[in-house]
Amino acid sequence: MTMAPEEPKTETPVPEGHVKLTIDGEEVIAPKGELLIRTAERLGTVIPRFCDHPLLDPAGACRQCLVEVEMGGRPMPKPQASCTMTVADGMVVKTQLTSAVADKAQQGVMELLLINHPLDCPICDKGGECPLQNQAMAHGRAESRFVDKKRTFPKPLPISTQVLLDRERCVLCQRCTRFSAQVAGDPFIDLLERGAHQQIGTAETADVLDMASKTTSGQPFQSYFSGNTIQICPVGALTSAQYRFRSRPFDLVSSPSVCEHCSSGCAERTDFRRGQVMRKLAGNDPEVNEEWLCDKGRFAFRYAQAEDRIRRPLVRDASGKLQETSWTEAMRVAAEGLAAARDAQGVGVLAGGRLTLEDAYAYAKFARVALRTNDIDFRARAHSDEELSFLTSQVVGTEGVTFGALEKAPTVLCVAFEPEDEAPIVFLRLRKAARKRHAKIVHLGQWTTSSVRKTFGELLACAPGAEPAALAGLASHAPDLDAALAQDGAVILVGERAAEVPGLFSAVHELSARTGAQVAWIPRRAGERGALEAGALPTLLPGGRPVTDAAARAEVETAWGVSIPESPGRDTSAIVAALADGSLSGAVIGGVDPDDLPDPELAHRALERAEFVVSLEMRPSGVTKWADVVLPVAPDVEKAGSYFNWEGRRRPFDITLENTGALPDCRVLDTLAVEMDADLFTQTPAAAFGDLSRLPAFAARPAFAAVAADGTEPGVRLATWRQLIDNGSLQAGEPHLAGTARPAVARVSAKAAAELGGDTVTVSTDRGAITLPVEVADLPEGVVWLPANSGDSRVRAELGAGHGAVVSIEAGGAR
């Protein structure tokens, strides 16, 4: 019998830029430069490791990931760390699954790591979710041969008010030091000493311990991202002062969530127990926050558990005092009061910038349907008509720049935007782009802030108010930057502070049109982009429809079954002014702090003068004092909803704590509208989003209306913005986080500091004065910088001024 000849085996072609290797007897094709440990993971082989992290540079510090490697048919003399070795053509790799040598090496390393590691798993915060526990069981020896006394240290050692260190648990994986130096740009936590005495610490801990070799940066550990070192620590050496000993991982229930603190929309995991949130961890979302969170997003959640939280409706009685009452009674009083105010001079709606998309939509619809007005604005901050035109024509309904685009951009220009303070995850992407891809990051601002330094950036310094002229003159005074912005993928990031500088949005628009650079608007608050899309503005209906566009207005009127006023309404400042002079009778206010408004003094007078005020809030605020009805609303953990982040990406989240009795704003407004004989159909966040989604798409956008820049008024100019960790109400009840806030100081130029003399300066206007310690910075002459709402520096409330205002400055008195 003749056997058919065997068909020749055809080898799998290797694509360009790839190599072929063998892992545990299986051929695999991998891109050049890929680490062995990643290639094995793609095959489903998990190699144990501690120091390795996909977002950190390789270190090879723990040696737990040892494997056997052959090159060119010859085995390497010793096992190799798979987290530092890249793949090569023809390489043969044997992991612990097929190599006794690799398995023995991994067991030996594990035994070494456990020699001094304490047996305190039952009380360790990491116990139950600890990689060391898991890998000791899977890749360690069943019995220990170590009989000597384990090394011990006094514990815990505070790295900061928020981060505590148990040194005896540390396996020197260097994840924390690499994260701080590489990702956050805060190289304050270092490896100290040598050999058996090596440990992590800071300049302060080295001083306390009087170490002989203080090989530190000399700076205390102060970082907006310190909580990430706790999460990525594989052994529980770094723990949170907030969470320490409060719960065990196996007692917790976890829920995916979205951060409510800034416009990045970071993915989170909320862990709760017995109806209380215990901690928040960063979620894994490569397209947004990767695996990182800022400390504000991680630790600032106690406000929902504050003792002064309003749990039941409050109604002001005949004696002028707020008294608890039933929802039925509160709704009746609120509906009657608002109806009377509507039928008199009208009611304005200040929705605030921290609402979910669904809640913002409910406010927008409540204003038009129940109150029959376009007097609504979410901008509880400085704002302008120029900004409104920019948002209407350039932002609403767009999905342009993304986090990924930022990382790949060759050039990024930040205008009126301090990324580390206003959008920390954007800052991390900018730093990553600069460090990994050598992107050019340029900051148009007043001084070399930490954002400038840590993004390896270039500062275009100008006085507050001179930003439009600086942008208009780029082609002449910075031709290299002008040319760089014309490259494909270049981006201009503009912050909300631009609304305080007349002509700045116009200058950004002109620069973008001339160079082709994409523009992204990045507000500070989480709900602003969603409120823009929901139509919580005096000139816009949902979807970006102009109120003055008859056809667009008719689409909404048909869907809602009501007539909508065709004239644009009042913005926040005009609503406040109208309340103050009696042109408006009432107000509905959604969690707005009057001290954040452009003129806090006028805002307080307006609330006092208003005939009827309904406030929807969680805790007492500056509005509560004047409110006739206070309706308590739910925090994020007690409701579902979604945010639109600055990219225009919807970030939905579900309810975490159920059966608390708290109601979302959309439900409260829906019930209130029913009492006023109107239907919103926003009983639940899902219903509100469904109602919004049923509106047809609207693509037309009006042209941007440019505004000329103001002339610079003589005098000392104020530069100001809010620091990430400050006096904000959502940071209440968390002293550990407050301890990491950057100090409130006044910054002036070296020349001005010398002329003033002394350790403090007083900055004043005709409204008031602020006295702070002085620090020297590379500010232009005639400029002083103050934090907007940190410590004793409450710029709006005390000075009644903002960025670009003319102020007086003199040597301060004793503090």
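Heads up: numbering here begins at 1 and tracks the sequence. Here the structure is a predicted model, which is why all the values come from computation and not from measurement.
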Dump the intermediate steps for side-chain contact (heavy atoms from CB on, under 4.5 Å) on Leu355 and Tyr363, then the final yes or no. CA-CA 10 Å; Leu355 300 171; Tyr363 277 92; 3.5 Å; yes
Report the C-alpha distance between Gln242 and Leu737 in whole Å, list the side-chain angles of each, state the deciding distance to 0.1 Å, and finish with yes or no for side-chain contact (heavy atoms from CB on, under 4.5 Å). CA-CA 8 Å; Gln242 180 195 65; Leu737 177 63; over 6 Å; no
Please determine whether side-chain contact (heavy atoms from CB on, under 4.5 Å) holds for the pair Glu324 and Leu314, giving the CA-CA distance in whole Å, both sets of side-chain angles, and the decisive distance to 0.1 Å. CA-CA 5 Å; Glu324 285 192 357; Leu314 304 174; 3.5 Å; yes
After noting the C-alpha distance and the side-chain angles of Ser264 and Asn645, does the key distance pass the side-chain contact (heavy atoms from CB on, under 4.5 Å) rule? CA-CA 5 Å; Ser264 293; Asn645 71 356; 5.7 Å; no
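The backbone N or O of Phe390 sits nowhere less than 3.5 Å from a side-chain atom of Gln394 that would complete a donor-acceptor pair. The main-chain N or O of Cys666 is found under 3.5 Å from a side-chain atom of Asp359 such that the two form a donor-acceptor pair. With hydrogens and angles ignored, the 3.5 Å screen pairs a side-chain donor or acceptor of Arg545 with a backbone N or O of Pro542. Although no hydrogens or angles enter the test, the distance criterion places no donor-acceptor pair under 3.5 Å between the side chain of Thr270 and the main chain of Ser257. Looking only at distances, no side-chain donor or acceptor of Gln723 sits under 3.5 Å from a matching main-chain atom of Ile725. Side chain of Glu608 to backbone of Trp626: no donor-acceptor contact under 3.5 angstrom is found. No side-chain donor-acceptor contact under 3.5 Å links Arg379 to the backbone of Gly353. A donor-acceptor contact shorter than 3.5 Å is absent between the side chain of Arg312 and the backbone of Trp327. For the pair Ser585 (side chain) and Gln345 (backbone), a donor-acceptor distance under 3.5 Å is present. Without hydrogens or angle criteria, Glu611 side chain to Ala341 main chain gives no donor-acceptor distance under 3.5 Å.
Minimum interatomic distance between Ile589 and Val623 (heavy atoms only, all atoms of both residues): CD1-CG1, 3.9 Å. When all heavy atoms are compared, the tightest approach of Ser263 to Pro523 is OG-O, 2.7 Å. The shortest non-hydrogen separation linking Pro600 to Leu597 is CD-O, 3.4 Å. The two residues Arg796 and Asp595 come nearest to each other via the heavy atoms CB-O, 3.2 Å. Closest non-hydrogen pair, Val592 versus Ala380, comes out as CG1-CB, 3.8 Å. Between Ala416 and Leu504, the shortest heavy-atom contact is CB-CD2, 3.9 Å.
Using a 4.0 Å cut-off between a side-chain N of Lys or Arg and a carboxylate O of Asp or Glu, Glu638 and Arg309 qualify as a salt bridge. For Arg619 and Asp308, the salt-bridge test passes: some basic side-chain N is under 4.0 Å from an acidic carboxylate O. Between Arg722 and Asp596 there is a salt bridge, since a side-chain N of the basic residue sits under 4.0 Å from a carboxylate O of the acidic one. Ionic pairing of Arg650 and Glu358 is present here: one or more N-O contacts between side-chain nitrogen and carboxylate oxygen are shorter than 4.0 angstrom. Checked for salt-bridge contact, Arg497 and Glu500 miss the test: no charged N lies under 4.0 Å from a carboxylate O. A salt bridge links Asp285 with Arg651: the closest approach of a Lys/Arg side-chain nitrogen to an acidic carboxylate oxygen falls below 4.0 angstrom. At a threshold of 4.0 Å, the pair Arg767-Asp599 counts as salt-bridged, since one of the basic side-chain nitrogens sits closer than that to a carboxylate oxygen. For the pair Arg649 and Glu287, the salt-bridge criterion is met [side-chain N within less than 4.0 Å of a carboxylate O].
With contacts defined as side-chain heavy-atom distances shorter than 4.5 Å, the pair Leu252/Phe272 does not qualify. In this structure, Asp571 and Asp385 have side chains that are in contact, with non-hydrogen atoms separated by less than 4.5 Å. Two residues are said to be in side-chain contact when any heavy atoms from C-beta on lie closer than 4.5 Å; Phe653 and Asp636 meet this criterion. At least one side-chain heavy atom of Trp560 sits less than 4.5 Å from a side-chain heavy atom of Lys365. Proximity of Ser384 to Pro502: side-chain heavy atoms (C-beta onward) are nowhere separated by under 4.5 Å. Residues His736 and Phe299 are not in side-chain contact: their nearest non-hydrogen atoms beyond the backbone lie 4.5 Å or more apart. Here the side chains of Pro424 and Leu724 are in contact, with some heavy-atom distance below 4.5 Å. Looking only at side-chain heavy atoms (C-beta outward), Ser621 and Asp593 stay at 4.5 Å or farther from each other.
In this structure, NZ on Lys639 lies 12.0 Å from OG1 on Thr656, to the nearest 0.5 angstrom. One distance of note links NE2 of His261 with SG of Cys266; it measures 10.5 Å at 0.5 Å rounding. Separation of atoms CD (Gln731) and NZ (Lys296) is listed at 4.5 Å; rounding is to 0.5 Å. In this structure, Ser254 OG and Leu281 CG are separated by 7.5 Å, a value rounded to the nearest 0.5 Å. The distance from atom OG1 of Thr398 to atom CG of Leu391, rounded to the nearest 0.5 Å, is 10.0 Å. Here the CG-CG distance, from Asn374 to Leu541, works out to 6.5 Å after rounding to the nearest 0.5 Å.
Residues passing the salt bridge (Lys or Arg N to Asp or Glu O under 4.0 Å) test with Glu533, sequence neighbours excluded: Arg529. Evaluation of the side chain to side chain contact (heavy atoms under 4.5 Å, CB included) rule for Ala370 yields Phe366, Ala673, Met676, Ala678 as partners, not counting sequence neighbours.
Residue Arg246 is tested with Gln276, Arg273, Arg279 for a side chain to side chain contact (heavy atoms under 4.5 Å, CB included); the sole match is Gln276.
Close placement of the Trp646 and Phe403 rings is indicated, their centers lying within 6.0 Å of each other.
By the 6.0 Å contact criterion, CD on Gln305 is enclosed, its count of non-hydrogen atoms from other residues, nucleotides or ligands being greater than 12.
Cation-pi geometry between Arg694 and Phe681 is not met at under 6.0 angstrom from the ring centre and within 45 degrees of the axis.
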